[in-house]
Amino acid sequence: MVKRFVRTVSRLGYQKVAKPLMFRHEPDAVHKGLVRTSKKVQKVPGVRSLPKLWAHRDAMLETKVFGVGFRNPVGLSAGFDKKIELPGIMRNVGFGWMTGGSVTWGEYEGNEGAWFHRLPKSKSLVVNAGLPSEGTSVVSERVGAYSAKLFDNFPLTVSVAKTNSKTSVGDAAGVRDYCKSLAVFDALEQVGVLEINISCPNTFGGEPFTTAGRLEKLLAAVDKLHLTKPVVIKMPINLPADEFDRLLDVIIRYKVAGVAIGNLLKDRSLAKLDDELPGSVKGNLSGKPTKDITTELVRRTYKKCGTKLTIIGIGGIMSAEDAYEKIKAGASLVGLITGLIYEGPQLVGEINRGLVRLLKADGYAHISEAVGQASRGKK
Ligand SMILES: Cc1cc2nc3c(=O)[nH]c(=O)nc-3n(C[C@H](O)[C@H](O)[C@H](O)COP(=O)(O)O)c2cc1C
């Protein structure tokens with residue numbers, strides 16, 4: 001009863017007060033402000049537990065994926081907490097896992113000018129951050145200082161990307177750059193999963209390892225590291241279908257546990273937008289315009305690779321129905337960022353609560369039973 005009241009007030013408060021206030025300011029400033037406030041909140045005993053009122057737990061949602069326990073399948077996707085400063089608050093908000101980063105070996109301040117541009121009618125963001133990072137040594141030291149207990153049933157995925165610098169553009173230098181970071185994060189007990197971001201669209205030299213030949217070089221080197229944590233590849237979403245398939249053909253030959261589908265949308269011609277987007281605004285699209293494209297890629301991957309690869313469905317999830325669609329298409333886990341910004345932080349609990357309702361309505365006793373059902377031609 002109290003929780004339902006809190007949920008209703010939170011949704012209304014976010015939609016009617018917090019969001020209109022935040023959206024009066026430039027998105028870059030709002031993002032910085034949100035991170036600053038969240039850091040403060042998670043330090044104050046009592047206050048830091050308040051977001052737990054939004055969270056929803058249910059045994060139907062507790063799941064084991066690539067040998068790792070998740071208290072629910074809904075996670076924070078890479079890019080919101082680049083410095084990995086917010087695991088405490090993300091756990092309390094009700095996420096079942098979170099991705100920190102992307103982190104790169106070398107530090108980089110990010111692109112000049114605005115990093116984010118809102119497309120509110122399209123529920124999308126144009127992102128032009130350019131892989132800012134404090135660098136692996138600073139971020140890994142921060143992660144290593146957290147209590148490992150924080151990540152019990154709430155695994156931390158660290159997204160590793162290639163340093164955005166002219167010196168790491170060549171294949172061999174790029175591979176070395178990734179490998180150094182992966183080895184450092186693999187050694188930390190706080191880290192549950194490693195994600196390799198091959199698909200950051202706006203970096204020196206373009207998307208680094210999104211051709212089959214170059215990906216092969218990277219994965220051959222990664223295999224030689226004998227990493228102990230499951231490895232996931234963050235996939236591009238704007239490749240022609242046959243090129244996407246060729247990447248999957250490479251991935252299944254190496255020690256890769258899963259694919260996260262996917263990253264931002266580079267090709268604006270594929271996006272149905274309800275806002276004006278002048279060509280002068282640089283960057284790539286998140287949110288609703290990526291929803292159907294990513295669901296289709298999840299379906300395609302599930303049909304092609306079946307249980308050989310675990311799929312994480314990411315792109316435009318704004319509701320339990322959106323998350324369920326990706327799960328039934330073949331995703332074992334789902335991730336989001338943009339939904340949090342347009343719908344509010346209570347969304348995570350709402351999705352988990354809605355998933356339980358949807359699973360029961362379809363006659364499933366556990367989330368794992370629903371994975372891939374639509375791609376197998378079932379309801
Ligand atoms: C503000 C922002 C920053 C992002 N930064 C990263 C990043 O550093 N690494 C990465 O792999 N993906 C990054 N992404 C992509 C997201 O992880 C996600 O794949 C994409 O936004 C689609 O999910 P969404 O529609 O729920 O936002 C970023 C997205 C946003 C909105």
Side-chain angles (χ1 to χ4, degrees), residues 26-32 34-35 74-84 86 90 95 97-104 108 110-111 114-119 122-134 139 157-164 178 181 193-203 207-210 232-238 259-266 270-271 283-295 297-298 311-319 322-323 325-326 331 333-343 345 347-348 351:
E26 290 301 317
D28 294 51
V30 171
H31 181 248
K32 280 192 191 125
L34 276 176
V35 172
V74 184
L76 179 71
S77 190
F80 188 84
D81 187 13
K82 287 182 188 285
K83 299 179 179 176
I84 321 191
L86 308 174
M90 292 304 159
F95 279 114
W97 56 282
M98 69 169 277
T99 310
S102 296
V103 185
T104 63
Y108 181 62
N111 288 339
W115 287 357
F116 310 122
H117 177 88
R118 282 186 211 106
L119 299 173
S122 319
K123 292 201 173 174
S124 174
L125 291 170
V126 189
V127 181
N128 185 36
L131 276 179
S133 177
E134 296 176 302
V139 180
T157 296
V158 175
S159 165
V160 167
K162 183 173 73 71
T163 307
N164 192 2
Y178 275 112
S181 295
V193 180
L194 295 165
E195 182 169 284
I196 305 182
N197 178 7
I198 59 167
S199 49
C200 183
N202 47 21
T203 48
E207 281 174 320
F209 286 88
T210 49
V232 167
I233 308 292
K234 180 83 175 271
M235 299 296 280
I237 65 168
N238 26 244
V259 282
I261 303 173
N263 216 318
L264 299 163
L265 183 63
K266 196 158 85 170
L270 298 177
N284 305 287
L285 299 166
S286 77
K288 210 170 158 204
T290 72
K291 181 172 94 71
D292 293 344
I293 297 171
T294 49
T295 304
L297 287 173
V298 168
I311 302 169
I312 305 174
I314 304 166
I317 295 176
M318 308 271 159
S319 67
D322 295 342
E325 191 183 43
K326 287 218 171 18
L333 302 169
V334 290
L336 60 95
I337 294 189
T338 308
L340 207 58
I341 292 156
Y342 283 104
E343 304 299 321
L347 176 68
V348 184
I351 292 180

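Read the numbers this way: they start at 1 and go in the same order the structure lists the ligands and their atoms. All figures in this text were calculated on a predicted structure; none of them were measured in a lab.
- Proximity to N263 (heavy-atom distance under 4.0 Å) selects the following atoms of ligand 1: 11 (O), 12 (N), 15 (C), 19 (O).
- Of all the heavy atoms of N197, the ones lying under 4.0 Å from any atom of ligand 1 belong exclusively to the side chain.
- Residues A260 and I314 approach most closely at CB-CD1, 3.9 Å, considering heavy atoms.
- Only the side chain of F116 comes within 4.0 Å of ligand 1, judged by heavy-atom distances.
- The distance from ligand 1 to the heavy atoms of K82 drops below 4.0 Å at these ligand atoms: 5 (N), 6 (C), 7 (C), 8 (O).
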For this session: Please report the C-alpha distance between T99 and S159 in whole Å, then the side-chain angles of each, then the deciding distance to 0.1 Å, and finally whether the side-chain hydrogen bond (donor to acceptor under 3.5 Å, both in side chains) criterion is met.
Result: CA-CA 6 Å; T99 310; S159 165; over 6 Å; no
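- Under 4.0 Å from ligand 1, heavy atoms of T338 appear from its side chain as well as its backbone.
- The shortest non-hydrogen separation linking K162 to F209 is CD-CE1, 4.1 Å.
- In terms of polar-atom proximity, L131 is not counted as a contact of ligand 1, lacking any N or O under 3.5 Å from an N or O of the ligand.
- Residue nearest to atom 10 (C) of ligand 1, selected from K288, K234, K291: K234 (by heavy-atom distance).
- Which parts of ligand 1 touch L264 is read off a 4.0 Å heavy-atom cut-off, strictly below it: atoms 15 (C), 20 (C), 21 (O), 29 (C).
- Residue contact check: G315 has heavy atoms under 4.0 Å from atoms 22 (C), 23 (O), 25 (O) of ligand 1.
- Ligand 1 lies less than 4.0 angstrom from a heavy atom belonging to G262.
- With A78, G287, G101, P132 as candidates, the residue nearest to atom 28 (C) of ligand 1 on a non-hydrogen basis is A78.
- Residues passing the salt bridge (charged side-chain N to carboxylate O under 4.0 Å, His left out) test with D81, sequence neighbours excluded: none.
- Per-residue contacts place G316 under 4.0 angstrom from the following atoms of ligand 1 (heavy atoms of the residue considered): 24 (P), 25 (O), 26 (O).
- Checked for salt-bridge contact, E343 and K123 meet the test: a charged N lies under 4.0 Å from a carboxylate O.
- Contact atoms of ligand 1 toward I314: 18 (C), 19 (O), 22 (C), 23 (O) (distance under 4.0 Å to a heavy atom of the residue).
- In summary, the side chains of K326 and T294 do present a donor paired with an acceptor at a separation below 3.5 Å, with no hydrogens or angles considered.
- Contact check for N284 versus V126: no side-chain heavy atoms found under the 4.5 Å cut-off.
- The environment of K288 atom NZ is sparse: at most 12 non-hydrogen atoms of other residues, nucleotides or ligands sit within 6.0 angstrom.
- Among S102, G335, G100, the residue whose heavy atom lies nearest to atom 7 (C) of ligand 1 is S102.
- Close contacts of ligand 1 with S77, meaning ligand atoms under 4.0 Å from a residue heavy atom, involve 16 (C), 17 (O), 18 (C), 19 (O).
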Problem set entry | Steps toward side-chain hydrogen bond (donor to acceptor under 3.5 Å, both in side chains) verdict (N263, N197) | CA-CA 9 Å; N263 216 318; N197 178 7; 3.1 Å; yes
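- Look at A129 and you'll find every heavy atom at least 4.0 Å from all atoms of ligand 1.
- In terms of modelled atom types and a separation under 3.5 Å, the side chain of N111 and the main chain of N128 share a donor-acceptor contact.
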Problem set entry | CA sep, side-chain torsions, deciding dist, call: E325, K291, salt bridge (charged side-chain N to carboxylate O under 4.0 Å, His left out) | CA-CA 10 Å; E325 191 183 43; K291 181 172 94 71; 3.1 Å; yes
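- Residue contact check: L336 has heavy atoms under 4.0 Å from atoms 26 (O) of ligand 1.
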